[in-house]
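Scroll down for the structure; my scribbles are underneath it.
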2 protein chains.
Amino acid sequence: METEDRLLTPGEVASLFRVDPKTVTRWAAAGRIGSIRTPGGHRRFRESEVRALLEGDAGAQATFDSGHAQP
Amino acid sequence: METEDRLLTPGEVASLFRVDPKTVTRWAAAGRIGSIRTPGGHRRFRESEVRALLEGDAGAQATFDSGHAQP
DNA sequence: ATAGAATAGGGTAATTAGGGTA
DNA sequence: CGTGTCCTAATTACCCTATTCT
């Protein structure tokens, strides 16, 4: 239970995903990622959510056994 | 131990390996290489992992002999 | 209040995903 | 079985200016 609701800027999220800040804005506009709007209209993103999205299957090092067994 | 290594685009990885970006996509789809998906569906690859793969036999890291198991 | 950096918004090229084929 | 090339659709990157944030 992390109560850490640290907010990240579009530029931060963009650097994490290796994309353009505009792309992050587009994700928020499309509802693909939760966003908080500042009274001025700028967006902020929850670090926990961003980290969850970054946890793709990059760490999954396929336990590739010699699965060539043919029944 | 969690290092924030940079992410590479399919085109970058393809240039490093001198293959087609489509081939890199196939590697990711087959689980031969870890991949992170953007909310839009595009893939990003960890530079550290790619560099480790680029080491080839030089490092003989023997993560696992992928595939050709001897009969 | 002023300055500098970052962000929002729209529009257009380049890259990528996916399937099917050689 | 793995890789390269064909196609279409979707996503992303870079161009601009005005507004907002520090």
Side-chain angles (χ1 to χ4, degrees), chain A residues 2-71, chain B residues 2-71:
Chain A
E2 285 306 310
T3 51
E4 291 213 29
D5 285 47
R6 189 144 56 113
L7 297 178
L8 302 177
T9 62
E12 281 279 322
V13 179
S15 296
L16 261 38
F17 276 97
R18 184 67 175 91
V19 296
D20 210 75
K22 286 295 187 47
T23 302
V24 180
T25 295
R26 210 174 292 113
W27 294 341
R32 298 179 190 273
I33 184 174
S35 60
I36 309 290
R37 305 281 298 228
T38 67
H42 287 199
R43 296 185 178 86
R44 295 287 121 91
F45 306 89
R46 298 190 180 281
E47 187 193 29
S48 51
E49 187 176 356
V50 173
R51 285 221 180 264
L53 264 43
L54 282 169
E55 291 294 331
D57 55 280
Q61 186 68 49
T63 325
F64 217 84
D65 83 295
S66 19
H68 270 220
Q70 191 158 351
Chain B
E2 200 55 47
T3 312
E4 303 284 344
D5 43 18
R6 290 166 297 183
L7 298 178
L8 300 177
T9 63
E12 284 270 296
V13 180
S15 295
L16 264 42
F17 279 98
R18 301 270 279 163
V19 296
D20 242 53
K22 197 62 175 279
T23 301
V24 179
T25 295
R26 276 188 251 235
W27 293 345
R32 296 179 184 279
I33 182 174
S35 62
I36 294 178
R37 309 284 295 242
T38 66
H42 285 203
R43 295 187 179 88
R44 295 285 118 97
F45 305 90
R46 295 192 181 280
E47 187 187 37
S48 53
E49 186 177 354
V50 172
R51 266 200 258 152
L53 264 37
L54 281 168
E55 289 297 326
D57 290 314
Q61 192 68 327
T63 315
F64 198 95
D65 183 66
S66 52
H68 310 96
Q70 92 298 341

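Chain identifiers are assigned alphabetically (A, B, ...) following the order of the sequence lines, protein sequences preceding nucleic acid strands; residue numbering begins at 1 within each chain. We use all heavy atoms of the structure for the numbers below, so side chains are in, but hydrogens, waters and symmetry mates are not.
Nearer to the 5' terminus of DNA chain D, by closest-nucleotide assignment, is the contact made by G41(B) (compared with the other of G40(A) and G41(B)).
Under the side chain to side chain contact (heavy atoms under 4.5 Å, CB included) criterion, S15(B) pairs with no residue, sequence neighbours left out. Taking L53(A) as the reference, F17(A), I33(A), P39(B) meet the side chain to side chain contact (heavy atoms under 4.5 Å, CB included) condition, with sequence neighbours excluded. Listed by chain and number, the residues in a side chain to side chain donor-acceptor pair (under 3.5 Å) with R32(A) amount to none (sequence neighbours excluded). S48(B) meets the side chain to side chain contact (heavy atoms under 4.5 Å, CB included) test with D5(B), R46(B); sequence neighbours excluded. Not counting sequence neighbours, E49(A) has no partner by the salt bridge (Lys or Arg N to Asp or Glu O under 4.0 Å) test. Every residue meeting the side chain to side chain contact (heavy atoms under 4.5 Å, CB included) condition with R37(B), not counting sequence neighbours, appears here in chain and number order: R43(B).
Sorted pairs that involve residues 29-53 of chain B and meet ring pair (Phe, Tyr, Trp, His ring centres under 6.0 Å), not counting sequence neighbours, are lacking altogether. For the salt bridge (charged side-chain N to carboxylate O under 4.0 Å, His left out) condition, no pair includes a residue of residues 7-30 of chain B, sequence neighbours left out.
Scanning all heavy atoms of the two residues, the minimum distance from L54(A) to L16(A) falls at CD2-O, 3.6 Å. Of all non-hydrogen atoms in L7(A) and I36(A), the two that sit nearest each other are CD2-CG1, 4.3 Å.
First and last contacts of DNA chain C with chain A, using any nucleotide atom under 4.0 Å from a protein heavy atom and ordered 5' to 3', fall at dT7(C) to dG10(C). Using a 4.0 Å cutoff to heavy atoms of chain A, the contacted part of DNA chain D runs 5' to 3' from dT11(D) to dC21(D).
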Assess the residue pair R44(A) and T38(A) against the criterion (side-chain contact (heavy atoms from CB on, under 4.5 Å)); give the C-alpha distance rounded to whole Å, side-chain angles, the decisive distance to 0.1 Å, and a yes or no.
CA-CA 7 Å; R44(A) 295 287 121 91; T38(A) 67; 4.2 Å; yes
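Using five terminal pairs a side, the axes of the helix from dA3(C)-dT22(D) to dG19(C)-dC6(D) at its two ends make an angle of 60°, given in steps of 10 degrees.
The base-pairing partner of dT3(D), taking Watson-Crick or G-U wobble contacts with both distances under 3.5 Å, is dA22(C).
Contact check of residues 15-27 of chain A against DNA chain C (heavy atom, cut-off under 4.0 Å) returns K22(A), T25(A).
A salt bridge links E47(B) to R51(B): at least one charged side-chain nitrogen sits closer than 4.0 Å to a carboxylate oxygen.
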